[in-house]
Amino acid sequence: MSRAGTQAAIGAAMGAGGLLPDRMRQGDFFVCDIFDAIPKDDIASMEHPIFSLATRPDPRILDYEHNGARITVTPSVRGLATIHDKDILIFCISQLMAALNAGRQVSRTVHLKAHDLLTATNRETSGDAYRRLREAFERLAGTRITTNIVTGETETTTGFGLIEGWEIVRKTRGGRMVSVAVTLSDWLYRAVLSKSVLTLSRDYFRLRKPLERRIYELARKHCGRQPSWTVSVETLLKKSGSASPRRVFRKMLRDMIEAGHLPDYEMVEEPGDLIRFAPRGGLVESAARPPVLSKQALDEARRLMPGRDVYALEADWRGVWARSGAPRLRKPDAAFLGWVRKRAE
DNA sequence: CCTCTAGGACCCCAAGTCCA
DNA sequence: TGGACTTGGGGTCCTAGAGG
């Protein structure tokens, strides 16, 4: 099975720290046995607040308007889906993307092993965790959205749930949750098919604070690979979907800056009630400028490793570059492509 | 052996409330 | 106002043990 090699290569490249054990399975389902999928997130939901940051059932109806996009999010009586519930979507999307990248047939219904989901999203596997997983499914299915966001080439104006349906397949004895069939909403599914997804840091699942997760998403979406992204606290508050007053929100941001464990990005407060995000990496070696890659090099990398997120590759490579003492590169493109080729084998 | 269940103790968070 | 405290629910860690 050729995937074993791929997994080993990725495992080695990602570094040993906390990497999940090899739990490949021989399966008939085309999506479930791909465990090494890089976490993907849906771009539309990253840009607009859909998920609740609250730590208790959130009955609010969210209305949001930004650059002509309107979203109304209506919770069920169980409350809005939380940002933790989103882990399930991220997992599903990652499975779909992995299947797409492997050239397999995909459908809106994703079959997954509950245990895989829990371990992949850095959770425990206690009975309580399964119970909460179940509640998360219910919140996801119960949260209705009305939007005119365009994903792929279609503009959706109708209402739908975050997931359309889910089914737990239990073993007859013991009542254990063995596998789950999740049917994604059409909107999400189209987003995946059109590949409007971004790679998340694996450390995302280690973020505990809901607000930290949300802020990371926003930074990933808006800052991306740019040298920096500056945003007002006010706008950040609006984009995050936090229900806190601005002064409390600002305090939260300051606490986050203090803690400093936002993956990939550095956060700084600037005069005028602004927050600036900048990608980490070249920051340690500020004397040396990080190598700039041409678009051609990225295209070539895409060709060498089809299906992989080249920006993630670039970020990994920059990390390697920074760790090796940030040497000055005469031909960064060639160095990068050499590294990619080696990795593609 | 690994996976999973069960349950208790404890920790954390965002939001709500109080108070100078 | 703005800081400090409280609240209510979720998340985490831990142990012991069952089941496949």
Side-chain angles (χ1 to χ4, degrees), chain A residues 18-27 32-33 35 49-62 64 73 75-91 112-140 142-143 168-180 202-218 233-234 236-262 267 269 273 275:
Chain A
L19 199 70
L20 293 155
D22 186 342
R23 57 184 85 237
M24 280 194 300
R25 292 196 175 83
Q26 203 82 26
C32 294
D33 56 354
F35 197 68
I50 289 175
F51 295 89
S52 173
L53 305 176
T55 55
R56 62 186 70 187
D58 189 341
R60 289 179 301 155
I61 294 175
L62 301 178
Y64 192 72
V73 185
S76 71
V77 288
R78 296 174 187 278
L80 287 169
T82 71
I83 197 133
H84 288 291
D85 301 340
K86 191 179 186 180
D87 289 0
I88 294 172
L89 294 186
I90 294 173
F91 185 78
L112 50 90
K113 299 266 189 295
H115 185 251
D116 285 352
L117 192 158
L118 290 172
T119 50
T121 54
N122 204 29
R123 297 179 187 210
E124 53 173 7
T125 54
S126 67
D128 195 44
Y130 282 90
R131 186 184 54 74
R132 274 186 270 116
L133 182 60
R134 191 199 161 97
E135 289 171 358
F137 278 123
E138 293 186 358
R139 280 192 297 265
L140 283 172
T143 302
I168 294 177
V169 181
R170 285 175 177 276
K171 282 216 165 155
T172 45
R173 285 173 47 158
R176 187 187 304 165
M177 188 189 295
V178 178
S179 91
V180 187
R202 280 172 184 267
D203 287 336
Y204 173 84
F205 294 119
R206 291 164 64 185
L207 294 177
R208 176 163 190 169
K209 294 187 183 190
L211 185 63
E212 277 181 339
R213 291 182 166 211
R214 181 66 188 144
I215 296 293
Y216 170 76
E217 285 178 352
L218 290 170
V233 169
E234 181 71 43
L236 207 51
L237 172 60
K238 195 172 154 195
K239 280 183 183 290
S240 73
S242 166
S244 296
R246 188 165 13 140
R247 66 171 214 277
V248 177
F249 183 71
R250 191 183 298 115
K251 173 77 163 60
M252 290 169 167
L253 292 178
R254 284 176 181 160
D255 289 346
M256 278 182 58
I257 292 171
E258 177 93 16
H261 38 58
L262 199 64
M267 242 177 113
E269 185 175 6
D273 215 19
I275 302 289

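Heavy-atom basis, side chains included; hydrogens, waters and symmetry copies ignored. Treat the numbers as computed from the prediction; the structure is a model and nothing was measured.
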So, using side chain to side chain donor-acceptor pair (under 3.5 Å) as the criterion, who are the partners of T143(A) when residues are at least two apart? none
So K86(A) and E217(A), do their side chains get closer than 4.5 Å, heavy atoms only? yes
Can you build the contact string for nucleotides 13-20 of chain B? Use B for base contact, S for sugar-phosphate-only contact, and - for no protein heavy atom under 4.0 Å. BBS-----
For K239(A), is there any backbone N or O sitting under 3.5 Å from a side-chain donor or acceptor partner on R214(A)? yes
Rounding to an integer number of Å, can you tell me how far H84(A) NE2 sits from dG10(C) C1'? 7 Å
How long is the line joining CZ of R250(A) and C1' of dG3(C), in whole Å? 13 Å
Distance check needed: dG11(C) P versus I83(A) CD1, whole Å only. 12 Å
For E138(A), salt bridge (Lys or Arg N to Asp or Glu O under 4.0 Å) partners two or more places apart: R78(A), R134(A)
For T82(A), does its backbone N or O pair with a side-chain atom of D85(A) as donor and acceptor, under 3.5 Å? yes
Take the protein atom NZ of K251(A) and the nucleotide atom C1' of dC5(C), then report the distance between them rounded to whole Å. 13 Å
Could you walk me through whether R250(A) and L237(A) pass side-chain contact (heavy atoms from CB on, under 4.5 Å), step by step? CA-CA 9 Å; R250(A) 191 183 298 115; L237(A) 172 60; over 6 Å; no
